[in-house]
Amino acid sequence: MTILKEQRIILTGATGGIGAELSKQLLSHGCQLGLVGRSAEKLQKLSEQLLADSAAQQRDVCLICADIAAAEGRQQIVGDMKQHFDGHDMLINAAGIMDFTSFLDQSDERIEAVLKTNVIAPMQLCKQVLPYMIQQDKGHIVNIGSTFGTIGFAWFTSYSTSKFALRGFSQALRRELAETAVKISYIAPRAVKTSLNSSAVYEMGKAVKMNMDDADKVAAQIIQAIIKDKKEKYLGFPESLFVKINSIFPGIVDMATRSQNKIAKKFV
Ligand SMILES: NC(=O)c1ccc[n+]([C@@H]2O[C@H](COP(=O)([O-])OP(=O)(O)OC[C@H]3O[C@@H](n4cnc5c(N)ncnc54)[C@H](OP(=O)(O)O)[C@@H]3O)[C@@H](O)[C@H]2O)c1
């Protein structure tokens with residue numbers, strides 16, 4: 001067993017492709033999970049599958065049907081954890097939405113929704129969970145970012161913006177909480193085969209030879225990064241190298257991606 005045993009974890013995005021795999025693997029580490037999603041039906045289905053596939057008991061899982069973008073949803077998450085597990089030790093912010101679109105064609109409402117779901121709501125949820133973590137002198141917040149949070153990607157402009165912000169938030173908060181026992185991690189996968197990506201993204205990915213990982217492997221890498229207490233972790237090579245190159249020489253990446261962006265535009 002690892003240090004994750006008996007950790008009480010809030011997992012947003014639990015019903016998603018990466019979240020469902022994280023749920024399964026975290027249960028095998030002996031964790032107690034608050035599974036968050038907006039659809040009661042999807043949560044119920046996930047829970048039945050998890051209990052059928054693992055040695056976990058019903059009491060190890062708490063289904064929390066809540067919208068993280070709403071204040072009452074975030075309050076409910078902390079309240080349900082208190083009621084079910086008497087508190088929380090970790091928050092994994094894995095809920096997210098994404099559009100593959102020309103920036104000019106994206107509606108103002110959708111830009112707001114992407115920023116709200118991917119960065120503002122996770123920040124507000126951190127505010128909700130932190131007082132208890134600081135008080136109990138123990139806690140870990142894990143923000144799931146993306147390669148697109150360090151390399152700005154054409155046709156994913158709002159999504160890239162949201163993940164850049166989530167990375168900045170994670171770094172600043174980590175420094176702000178350095179004198180406390182609360183740890184902050186930012187873990188950034190490259191593309192993953194889940195329904196976050198539309199069929200157009202899959203087609204585009206094939207055309208530009210984009211690497212795409214399986215969700216179970218990504219979940220295992222995320223868990224290893226948590227166990228090793230990685231502060232920032234970029235998954236996948238050569239993407240992890242491009243992240244460094246883009247940080248130092250963005251002009252080189254501008255040039256290197258120009259032809260790829262033209263191909264990708266055909267699928268938008
Ligand atoms: N897939 C990729 O290529 C990829 C690559 C890098 C990083 N990531 C990141 O990894 C994380 C998980 O992605 P995924 O691929 O697993 O996505 P996914 O399969 O589309 O799942 C998204 C999850 O977010 C939840 N969600 C969305 N809006 C919500 C809201 N307002 N309140 C509560 N839950 C909400 C969804 O639940 P309901 O709809 O049921 O509420 C679902 O569980 C995201 O942060 C994503 O940005 C993904």
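For ligands, and for the atoms within them, numbers begin at 1 and follow the listed sequence. Numbering of residues begins at 1 and proceeds along the displayed sequence.
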Contacting atoms of ligand 1, where contact means under 4.0 angstrom from a heavy atom of Thr117: 28 (N)
Looking at ligand 1, is there an atom of it that comes within less than 4.0 Å of some heavy atom belonging to Ala20? no
Ser185 and side chain to side chain donor-acceptor pair (under 3.5 Å): which single residue from His140, Lys231, Lys228, Lys233 fits? His140
If you measure every N or O of Thr15 against every N or O of ligand 1, does any of those distances drop under 3.5 Å? yes
Answer yes or no: is there a side-chain heavy-atom contact under 4.5 Å between Val201 and Phe156? yes
shortest atom 7 (C) of ligand 1-to-protein heavy-atom contact is with Gly145 O, 3.1 Å
Identify the closest protein heavy atom to atom 39 (O) of ligand 1: which residue and atom is it, and at what distance? Arg38 NH2, 3.0 Å
Can you check whether Tyr234 reaches Thr147 side chain to side chain, under 4.5 Å on heavy atoms? no
Consider ligand 1: state whether an atom of it lies below 4.0 angstrom from any non-hydrogen atom of Ile144. yes
At under 4.0 Å between heavy atoms, which part of Leu196 makes contact with ligand 1: side chain, backbone, both or neither? both
Is it true that Tyr159 lies under 4.0 Å from ligand 1, counting heavy atoms only? yes
Is there a nitrogen or oxygen of Gly17 sitting under 3.5 Å from a nitrogen or oxygen of ligand 1? yes
Looking only at protein heavy atoms, identify the closest one to atom 5 (C) of ligand 1 and say how far it is in Å. Arg190 O, 3.2 Å
Side chains of Asp213 and Pro189 in contact at under 4.5 Å (non-hydrogen atoms): no
For ligand 1, which atoms, with element, lie under 4.0 Å from some heavy atom of Ala191? 3 (O)
Atoms of ligand 1 less than 4.0 Å from Gly16 heavy atoms? 16 (O), 18 (P), 19 (O), 21 (O), 42 (C), 43 (O)
Quick check: do Asp60 and Leu50 have side-chain heavy atoms less than 4.5 Å from each other? no
Atom 23 (C) of ligand 1: the protein heavy-atom neighbour that sits closest, reported with distance to 0.1 Å: Gly13 CA, 3.6 Å
Among all the protein's non-hydrogen atoms, which is closest to atom 13 (O) of ligand 1, and how far away is it? Ile18 CD1, 4.0 Å
Given side chains that start at C-beta, do those of Met81 and Val129 come closer than 4.5 Å, heavy atoms only? no
How close do Ile184 and Ser170 get, heavy atom to heavy atom, and via which atoms? CG2-O, 3.6 Å
For ligand 1, note which part of Ala66 has a heavy atom under 4.0 Å away: side chain, backbone, both or neither. backbone
Which atoms of ligand 1 have any heavy atom of Ala95 under 4.0 Å away? 24 (O), 25 (C), 26 (N), 34 (N), 35 (C), 45 (O)
Does Asp67 come within less than 4.0 Å of ligand 1, judged by its heavy atoms? yes
Could you go step by step and tell me if Lys206 and Glu203 meet the salt bridge (Lys or Arg N to Asp or Glu O under 4.0 Å) rule? CA-CA 5 Å; Lys206 264 188 234 153; Glu203 291 301 312; 3.7 Å; yes
If you have a sec, work out which protein heavy atom is nearest atom 1 (N) of ligand 1 and how many Å separate them, to one decimal? Thr194 OG1, 3.1 Å
Angle class for the Tyr132/His88 ring planes (parallel below 30°, perpendicular above 60°, tilted otherwise)? tilted
Lys138 and Gln7: side-chain contact (heavy atoms from CB on, under 4.5 Å), yes or no, with the steps? CA-CA 11 Å; Lys138 178 171 163 259; Gln7 290 287 296; 3.7 Å; yes
Modelled atom types, side-chain donor and acceptor of Asp53 and Gln49, under 3.5 Å: no
Taking side chain as C-beta onward, heavy atoms only, is Leu235 less than 4.5 Å from Ile222? yes
Verify whether one side chain among Gln128 and Arg74 offers a donor that lies under 3.5 Å from an acceptor in the other. no
Is the closest side-chain donor-acceptor distance between Asp89 and Gln136 under 3.5 Å? yes
Does any part of the side chain of Asn118, heavy atoms only, come nearer than 4.5 Å to the side chain of Leu166, both counted from C-beta? no
Determine whether the side chain, the backbone, both or neither of Asn197 has a heavy atom under 4.0 Å from any heavy atom of ligand 1. side chain
Which protein heavy atom lies closest to atom 11 (C) of ligand 1, and at what distance to 0.1 Å? Ala94 O, 3.0 Å
Can you pull out the closest protein heavy atom to atom 32 (N) of ligand 1? Residue, atom name and distance to 0.1 Å, please. Ile68 N, 3.0 Å
With a 4.0 Å cut-off on heavy atoms, is Lys116 in contact with ligand 1? no
Any N or O on Val192 sitting closer than 3.5 Å to an N or O of ligand 1? yes
Would Met98 count as a contact residue for ligand 1, given that I'm defining contact as a non-hydrogen atom of the residue lying under 4.0 Å from a ligand atom? no
Contacting atoms of ligand 1, where contact means under 4.0 angstrom from a heavy atom of Lys42: 38 (P), 39 (O), 40 (O)
